[in-house]
Amino acid sequence: MSQAVTPKATSILSSDLPPGFDPTAEAAEKSLCFHGFWAWFVLLLLIAVCVFVVMWLLRQWIQGPIYRKANRIDGKVVIVTGCNTGIGKETVLELARRGAKIYMACRDPGRCEAARVEIVDRTRNQQLFNRTLDLGSLESVRNFVTRFKAEESRLDILINNAGIMACPRSLTADGFEQQFGVNHLGHFLLTNLLLDRLKQSSPSRIVVVSSAAHIFGKINRDDLMGERKYSKFFGAYSQSKLANILFTRKLSTLLKETNVTVNCCHPGVVRTELNRHFAGPNWMKNCLKVVSLGIFKTPRAGAQTSLRLALDPSLEKSTGGYYADCMRWPLVPWARNSETADWLWRESEKLVGLPPIEPPSTSTPQNGNGSSANGTGTGTGTGTSGPGHTNDTVETVVVNRS
Ligand SMILES: NC(=O)c1ccc[n+]([C@@H]2O[C@H](COP(=O)([O-])OP(=O)(O)OC[C@H]3O[C@@H](n4cnc5c(N)ncnc54)[C@H](OP(=O)(O)O)[C@@H]3O)[C@@H](O)[C@H]2O)c1
């Protein structure tokens with residue numbers, strides 16, 4: 001129960017106060033301070049909430065669209081290269097959920113097995129197989145294909161996902177510059193050797209994981225392997241990713257009548273192990289790690305464009321396209337240059353030891369990435385074949401690649 005303050009008590013209290021002290025004014029001041037504090041607190045809280053919401057929206061936007069169609073691909077045979085980690089692993093996880101039979105083509109059997117066991121565990125799909133493929137060795141590519149063909153009579157989807165970036169200059173087992181050798185030549189040979197299976201299983205699909213870095217790329221005809229000039233950051237990487245696109249476009253013209261489609265994509269900027277070879281100082285690597293937490297895509301988000309290209313029934317007839325964020329994008333002129341694509345194809349055949357798929361071209365060679373008469377085309381590639389060359393000829397040679 002509250003005690004009433006008697007007039008006597010008040011007079012005792014007032015007499016204790018220093019002269020000139022006004023208790024009411026002090027109470028008003030205190031109240032003002034109190035309200036000022038809460039006003040600031042609420043303002044700062046509002047700012048923090050706004051920043052958080054903007055960051056969250058930005059992050060969601062960066063993650064890009066998700067492939068949401070629920071179509072299953074039970075029993076379809078799929079090969080995914082470089083899938084023990086990163087985008088490849090997420091791609092396999094989703095394809096496994098949808099019932100695919102997947103050959104996980106990785107260079108490190110131990111890491112591959114760990115990923116395979118984890119995905120089997122999460123999806124209950126037992127149809128996942130650990131197979132060794134080192135794209136930096138043509139012998140390993142051939143061995144992988146020989147074993148695969150002995151095991152499987154069909155191949156519905158091939159996903160060329162594996163890649164390395166920004167490593168110090170080194171050579172593959174066959175003496176090719178590492179990034180060009182692994183990212184382009186290894187996949188070039190692999191795809192060519194599997195074309196017969198893909199054609200037998202048509203409609204079938206090839207997905208090539210390239211990169212927006214191709215924009216900075218140049219096919220260095222006089223120095224493909226970076227012997228004279230090597231940029232340890234992105235020079236060799238962007239050349240190899242441009243090669244992925246030129247390969248996709250050339251192959252799409254060669255497969256025109258076959259019901260085998262080939263498309264390429266940029267997965268986004270994704271938080272994976274891709275920068276493991278990044279030769280920068282530690283502080284820069286740490287900064288990159290922190291930044292990547294906020295503004296890079298997750299590997300799951302990074303896999304969505306590959307997944308759409310592999311799965312979407314509405315893309316069954318689409319071929320020769322470049323996709324990012326699940327949408328088709330236009331290409332810069334040097335990535336559409338069919339004369340460069342022809343040259344690269346012939347050069348790649350020689351380097352990996354495949355017989356020419358086409359008769360020698362009569363077109364005048366041009367240097368680098370400059371546009372040719374064909375370079376501004378839409379990718380139908382009608383200018384790529386030599387005189388008298390028909391699709392039948394291409395078909396016959398393609399089937400006999402292995
Ligand atoms: N992350 C991005 O921001 C980004 C952006 C644009 C494009 N990409 C492209 O996306 C693809 C996947 O990259 P990621 O980001 O998922 O990188 P990641 O986490 O480093 O995965 C790359 C995969 O490729 C494998 N690989 C490397 N060299 C190989 C070889 N010689 N033979 C066979 N497999 C090999 C790696 O195997 P090990 O683990 O054994 O090394 C790994 O499984 C790459 O083609 C990359 O160029 C990525």
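Note that ligands are numbered from 1 as they come in the structure, with each ligand's atoms numbered from 1 the same way.
- The aromatic rings of Phe148 and Phe144 lie parallel to each other, with less than 30° between the two planes, well short of the 60° mark.
- The ligand atoms of ligand 1 that sit less than 4.0 angstrom from a heavy atom of Ile164 are 27 (C), 28 (N).
- Close contacts between ligand 1 and Ser211 involve ligand atoms 6 (C), 7 (C) [criterion: under 4.0 Å to a heavy atom].
- Side chains of Tyr103 and Glu152: a donor-acceptor N/O pair is present below 3.5 angstrom, by distance only.
- Taking the charged nitrogens against the carboxylate oxygens, Asp325 and Arg308 have no contact shorter than 4.0 Å, which rules out a salt bridge.
- Of the heavy atoms in Met165, none comes closer than 4.0 Å to ligand 1.
- Of the protein's non-hydrogen atoms, the one nearest atom 44 (C) of ligand 1 is Asn161 O, 3.2 Å.
- Side chains of His266 and Thr305: no donor on one and acceptor on the other come within 3.5 Å.
- With respect to atom 31 (N) of ligand 1, the closest heavy atom belonging to the protein is Asp134 OD1, 2.9 Å.
- The number of heavy-atom neighbours closer than 6.0 Å to NZ of Lys229, taken from other residues, nucleotides and ligands shown, is 12 or below.
- For His266, every heavy-atom contact with ligand 1 shorter than 4.0 Å involves the side chain, none the backbone.
- Against a heavy-atom cut-off of under 4.0 Å, Gly163 is close to the following atoms of ligand 1: 22 (C), 24 (O), 27 (C), 44 (C), 45 (O).
- Residue contacts with ligand 1: Ala212 is excluded, as none of its non-hydrogen atoms falls under 4.0 Å.
- Close contacts between ligand 1 and Gly268 involve ligand atoms 2 (C), 3 (O), 4 (C), 5 (C), 6 (C) [criterion: under 4.0 Å to a heavy atom].
- Counting protein heavy atoms only, atom 39 (O) of ligand 1 is closest to Arg111 NH1, 2.6 Å.
- Residue contact check: Gly136 has heavy atoms under 4.0 Å from atoms 31 (N) of ligand 1.
- Lys297 does not count as a contact of ligand 1, since none of its heavy atoms falls under 4.0 Å from the ligand.
- By the criterion of a heavy-atom distance under 4.0 Å, the side chain of Pro267, and not its backbone, is placed next to ligand 1.
- For the residue pair Gln178/Thr172, the side-chain donor-acceptor check at 3.5 Å is not satisfied.
- Residue Leu133 approaches ligand 1 through these ligand atoms, each under 4.0 Å from one of its heavy atoms: 32 (N), 33 (C).
- Here the shortest heavy-atom distance to atom 4 (C) of ligand 1, taken over Leu135, Leu274, Val80, belongs to Leu274.
- For the ligand labelled ligand 1, residue Phe296 lies outside the 4.0 Å heavy-atom shell.
- Atom CZ of Arg300 sits in a sparse spot, with 12 or fewer heavy atoms from other residues, nucleotides or ligands closer than 6.0 Å.
- Taking the six-membered ring where tryptophan is involved, the planes of Trp38 and Phe41 are perpendicular, since the angle between them exceeds 60° and thus also 30°.
- Atoms of ligand 1 found under 4.0 Å from any heavy atom of Val269 (numbered from 1 in listed order, with element): 3 (O).
- If you check the side chains of Tyr230 and Gln179, you find a donor sitting under 3.5 Å from an acceptor.
- Closest to atom 37 (O) of ligand 1 among all protein heavy atoms lies Asn84 OD1, 3.5 Å.
- There is no side-chain donor-acceptor pair under 3.5 Å between Asn259 and Ser202.
- The closest non-hydrogen atom to atom 29 (C) of ligand 1, taken over Gln178, Glu90, Arg107, His187, comes from Arg107.
- Here the protein heavy atom with the shortest distance to atom 25 (C) of ligand 1 is Gly82 CA, 3.7 Å.
- Counting heavy atoms of neighbouring residues, nucleotides and ligands inside a 6.0 Å radius, atom CE of Met55 does not exceed 12 of them.
- Residue Arg276 touches ligand 1 through its side chain alone, judged by heavy-atom distances below 4.0 Å.
- The side chain of Val182, and not its backbone, has at least one atom closer than 4.0 Å to an atom of ligand 1 (non-hydrogen atoms only; side chain from C-beta on).
- Closest protein heavy atom to atom 46 (C) of ligand 1: Tyr237 OH, 3.6 Å.
- Applying the 4.0 Å criterion to heavy atoms of Val209 picks out, from ligand 1, the atoms 9 (C), 10 (O), 11 (C), 45 (O).
- By the neighbour-count criterion of 12 heavy atoms within 6.0 Å, atom OH of Tyr67 is densely surrounded, having more than that number from other residues, nucleotides or ligands.
- Of the protein's non-hydrogen atoms, the one nearest atom 42 (C) of ligand 1 is Thr85 CG2, 3.7 Å.
- Atom 7 (C) of ligand 1 has Ser210 O, 3.2 Å as its closest protein atom, hydrogens excluded (heavy atom only).
- Salt bridge absent: Asp74 and Arg98 never bring a charged side-chain N and a carboxylate O closer than 4.0 Å.
- Of the N and O atoms on the side chains of Asn160 and Thr191, at least one donor lies less than 3.5 Å from an acceptor on the other residue.
- Between the side chains of Glu339 and Trp343, not a single donor N or O lies within less than 3.5 Å of an accepting N or O.
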